[in-house]
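Report on one structure; see the data block that follows.
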Amino acid sequence: MAEKEKVFEIRDMDLYYGSFQALKKVNIDIYRHDVTALIGPSGCGKSTFLRSLNRMNDLVEGCRIEGKLLFDGEDFYGKDYDTIALRTKVGMVFQKPNPFPKSIYENLAYGPRLHGVKDRKKLDEIAERTLSQVGLWDEIKDRLGKSALGLSGGQAQRLCIARCLSVEPEVILMDEPTSALDPIATSKIEALIQELSKQYTIIIVTHNMQQAGRISDRTAFFFSGEILEAGDTRRLFTNPENPKTEEYITGRFG
Amino acid sequence: MRKRKGNKIIKSAVFFGSVRLAAAVTLGILALLLLFILVKGVPHLSLKFLAESPENMGKEGGIFPVLIGTVYVTLTSVLIAMPLGVAAAVYFSEYAGKGRLVHIIRFFTEVLAGIPSIIFGLFGFAFFVVFLGMGWSVIAGGITLSMMILPTLIRSTEEALKTVPGAYREGSLSLGATKWQTVVKVILPCCRSGILTGLILGIGRAIGETAAVMLTVGGSLKLPVSIFDSTRTMSLHLYMLASEGLSQEKTYATAALLILIVLGINWLAGFIGRRLTKE
């Protein structure tokens, strides 16, 4: 198999909230068009790590990051790096669906407009394309002008994924995207993630072992701020090297 | 056992009854006041009263220039206070963080809210009217009133900003929006009804103000044209009519109109607020 292209290359990353060290010497490579699952018990730092990848932690006061962090070969915590451009290329889907309190259409037009798309026709196209991508077009094409707050949880989350796609990212970060959804909506989102992985690189935090096993190519196991083990998902789940990993995935703690 | 249960029922009935009574008394006082003013004033309201100029210092004629003056002064104060207030609130809650300086500025804003209006009037008179040479005018009064309503606007906007879920901010930023774009396009639109509430409270305070207006706007009964003209607001007119005992009829008619206008504004605000939240 040919060497896959690295999207993120993280070396010896330390992250501090004030004096508390939340991540310790994290090393990981994220490959293009892979679905990478981040698993581990609550408070292990996996969400923190995810939110560092599009610099969402910049919002947190007292957050400090050290180490070598490369995105497409560039140090994205460097002094001159454009955070806005990073967040455009690295989109994010959150734990709880968070559509803006605007119409469905406006939710999808918001991102492109930020980046200078003003042509109504183009915006219409983007709305249709992204909604089709998430399999929502047929369901809601007749009520694009209605408030996005009227959608069901699963629909709202798919709208949020569509909104994320509207600015044509390379990478999609997902922070437990199905934890607020029922099983049917969850399975739809999982199918969607697999579909999207053909075009995008996906990094997903999940508490659900089966989910990680079903949809991811690679898995990283976080434990109290460190990555204890990372690698091919099937290998990690069937033949974990670290005893802690085995304990966690077999449900002995977590 | 049975007896205790009976006790409980009685206690609950007494409590419920007294709460009801309190509510009824409050409502009753309000109704009495409204009824009193409206019954005495409304019969003297007429189109002529609204459209004519006062004569004999208001003893006869209508209150047309006073109405215009009221709108003029109130609008000026709101137009000044609104952008300032919203901008200040955005600064406090989105940008400022928790520094010492912010703490001090915030403290002074709170103090501003508690200063008696006559002090504002005195300052407005000394500074705007005399020192800056604006004379008794719509603009001097407008600025003075805007300082008075600023704290209300800041506070209600800030309260509204606080209720906007952080998830909206994150959602917007994650799409590559700047902080400024996020505030203007996502956060502030969520606060429309909160800002509106502050605006209404501010207008209410501006319309109801007498002392500060008297010292800064003057009291001319001529129709104001430029913002440098002196004029008179309804509250001030009412005060003059009542204190000089010019005309009972006109006094109550003016009072009734003032009440109707304030009620109207409140109703309108509720209506617009409901429309905004529906969107």
Side-chain angles (χ1 to χ4, degrees), chain A residues 50-51 53-62 82-103 106-116 145-150 156-157 159-169 171-175 180, chain B residues 86 89-103 105-106 156-198 271-279:
Chain A
L50 189 79
R51 297 167 65 88
L53 296 179
N54 65 345
R55 295 192 53 166
M56 271 317 212
N57 283 329
D58 290 11
L59 305 182
V60 182
E61 234 173 287
D82 180 359
T83 314
I84 303 299
L86 175 75
R87 292 198 185 130
T88 312
K89 287 183 206 154
V90 183
M92 188 160 207
V93 176
F94 298 84
Q95 188 168 359
K96 258 177 70 187
N98 61 345
F100 299 132
K102 301 170 182 279
S103 71
E106 284 302 315
N107 265 279
L108 298 169
Y110 179 75
R113 280 209 192 110
L114 291 177
H115 303 295
K146 294 268 166 61
S147 169
L149 300 183
Q157 192 61 301
L159 177 66
C160 290
I161 296 175
R163 183 179 67 187
C164 171
L165 298 177
S166 70
V167 293
E168 297 178 35
V171 182
I172 305 171
L173 309 177
M174 297 184 166
D175 192 357
Chain B
V86 172
V90 166
Y91 174 73
F92 283 144
S93 89
E94 304 289 322
Y95 287 91
K98 296 186 186 88
R100 213 180 138 71
L101 186 68
V102 178
H103 200 74
I105 298 175
R106 202 184 278 271
S156 60
T157 306
E158 243 188 306
E159 289 302 318
L161 284 169
K162 261 187 228 156
T163 63
V164 179
Y168 294 160
R169 283 186 188 87
E170 291 188 335
S172 172
L173 292 172
S174 77
L175 289 166
T178 60
K179 196 164 179 179
W180 172 243
Q181 288 169 323
T182 302
V183 168
V184 173
K185 292 183 179 161
V186 177
I187 310 293
L188 278 181
C190 295
C191 301
R192 280 178 301 197
S193 69
I195 295 173
L196 190 74
T197 308
F271 179 73
I272 297 174
R274 276 194 299 280
R275 284 289 291 271
L276 287 181
T277 30
K278 238 189 227 163
E279 263 179 38

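Quick caveat: nothing in here was measured; it's all calculated off a predicted structure. No hydrogens, no waters, no symmetry mates; every other heavy atom, side chains included, goes into these values. Chain A is the first sequence line, chain B the second, and so forth, proteins listed ahead of strands; every chain is numbered from 1.
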query = Is the closest side-chain heavy-atom distance between Phe100(A) and Pro189(B) below 4.5 Å?
reply = no
query = Considering only heavy atoms from C-beta outward, does the side chain of Cys164(A) approach that of Ser174(B) to under 4.5 Å?
reply = no
message = I need the minimum non-hydrogen distance between Ser172(B) and Tyr110(A), along with the two atoms involved.
response =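 Scanning both residues, the minimum pair turns out to be OG-OH, 2.6 Å.
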Shortest non-hydrogen contact between Leu175(B) and His115(A), atoms and distance =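 Smallest interatomic distance, heavy atoms only, reads O-NE2, 2.9 Å.
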message = To the closest 0.5 Å, what do you measure between CZ (Arg87(A)) and OG1 (Thr178(B))?
response = 10.0 Å
message = To the nearest 0.5 Å, what is the distance between CG on Leu173(B) and CG on Leu114(A)?
response =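 Output value for this atom pair is 10.0 Å.
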Pick one of side chain, backbone, both or neither for [X], based on which atoms fall under 4.5 Å of a heavy atom in chain B.
X: Pro169(A); value: neither
X: Met92(A); value: both
X: Leu59(A); value: side chain
X: Val90(A); value: backbone
X: Arg51(A); value: side chain
X: Leu149(A); value: side chain

message = For Lys179(B), which atoms come within 4.5 Å of any heavy atom of chain A: side chain, backbone, both, or neither?
response = neither
query = Which residues, numbered in order, of residues 159-170 of chain B come under 4.5 angstrom of chain A by heavy-atom distance?
reply = Ala167(B), Tyr168(B), Glu170(B)
